[in-house]
Amino acid sequence: MTKIIFMGTPAFSVPILRMLVEEGYEIISVVTQPDRPVGRKKIMTATPVKEEAIRLGLPVYQPEKLKNPEELQHVLDMGADLIITAAFGQILPSAVLEAPKLGAINVHASLLPAYRGGAPIHQAIIDGQKETGVTIMYMVDRLDAGDIISQATVPIEEQDHTGSMFDKLSIAGRDLLKETLPSIIDGTNERIPQDEQLVTYARNISREQERIDWSKSAVDIYNQVRGLYPWPVAYTTLNNANMKIWWTEKTSSTASGQATGQVVDVTDDAILVQTGEGAIAITELQPAGKKRMTAKEYLKGPKIQAGDLFE
């Protein structure tokens, strides 16, 4: 039987690992990131993949850095025939990629060669794409540059956000891998080189990308907010204090003449803000030092009114 090492970390990876076990594949080890302190109390917390592996009775290995010689050798000594990764979170050294006789494959959450990198789901939504997908690909020592084995397209709906698309793409990746894996094991799968002229990148989200630029259009800001929901969350500044913007809605308001970032109107449940093109309604927010709340809840407290300016 083919000996498989599975490498993954977040909840995105869990359905894929579960499928492999349900289909009867031999998982000789699950490799995931180390436990990390989480929350204000810094409670050491296992990754979702570790929790699932323990539930499934699988051995778990948590290297701090696979580039460390001892940790690298430990993985090599497992003698895997195939490595499968899905949002593992570390770059695999060449020695790891080259060791398995069937290679190392990755479940990547975009339609490569578009959106290589660590934030393909966020970036596709921020860019206003109407669809994205998953790619099963061979791994090489360049970022997401290996040959494509198979792909599946997934629509991005108007109300979708990064969280909902993570769930949809996780299931799509699970199903595509289930369909593709037998051909990889028996050597009949396709290998399609990526067109380097079509490559785009989705680097990990920076703090600057989280900040709302009110000079952009209402559509662009709407896409930015949902592309950063539910993490890391967009933010703006009001009265020299940061404010997270959890959700917005498009509006038919045609107000004009105000400065970008200026509050156009305040309703019972929304704050309408002028953008570079049109107005947008803030419906869920979080002032500095406060809990997340709806605009309606926020408006019961400190008053904000037409003419106020988000910086």
Pairwise side-chain contact, Thr135 with Tyr115, heavy-atom cut-off 4.5 Å (strictly under): no
What is the distance from atom NE2 of His74 to atom CG of Leu72, rounded to the nearest 0.5 Å? 11.5 Å
From the list Thr47, Asp35, Thr32, side chain to side chain donor-acceptor pair (under 3.5 Å) with Gln62 holds only for Asp35
By the definition side chain to side chain donor-acceptor pair (under 3.5 Å), identify the one residue from Glu70, Glu71, Lys65, Glu64 that meets it with Asn68. Glu71
Should Gln305 and Val263 be marked as a side-chain contact (heavy atoms from CB on, under 4.5 Å) after you check the CA-CA gap, both sets of side-chain angles, and the distance that decides it? CA-CA 7 Å; Gln305 57 189 0; Val263 176; over 6 Å; no
Thr275 side chain to Gly278 backbone, donor-acceptor under 3.5 Å: yes
Tell me whether the rings of Trp231 and His122 are parallel (<30°), tilted (30 to 60°) or perpendicular (>60°). perpendicular
Between Arg226 and the options Ile221, Ile156, Ile126, the side chain to side chain contact (heavy atoms under 4.5 Å, CB included) test singles out Ile156
Partner residues of Thr283 under the side-chain hydrogen bond (donor to acceptor under 3.5 Å, both in side chains) criterion, sequence neighbours left out: none
Is there side-chain contact between Glu23 and Leu181, with at least one heavy-atom pair below 4.5 Å? no
Can you list the steps and then say if Tyr298 with Ile304 is a side-chain contact (heavy atoms from CB on, under 4.5 Å)? CA-CA 9 Å; Tyr298 174 74; Ile304 189 169; 4.1 Å; yes
Beyond-backbone contact of Tyr138 with Ile184, side-chain heavy atoms, under 4.5 angstrom: yes
Between NE2 of His108 and CD1 of Ile148, what distance do you get to the nearest 0.5 Å? 10.0 Å
Stepwise, does the side-chain contact (heavy atoms from CB on, under 4.5 Å) test hold for Glu210 with Asn242? CA-CA 11 Å; Glu210 297 169 24; Asn242 287 346; over 6 Å; no
Closest non-hydrogen atom pair, Phe6 against Ser13: CZ-O, 3.7 Å
Test your reading of the model: is there a side-chain donor-acceptor pair from Gln151 to the backbone of Leu112, 3.5 Å cut-off? yes
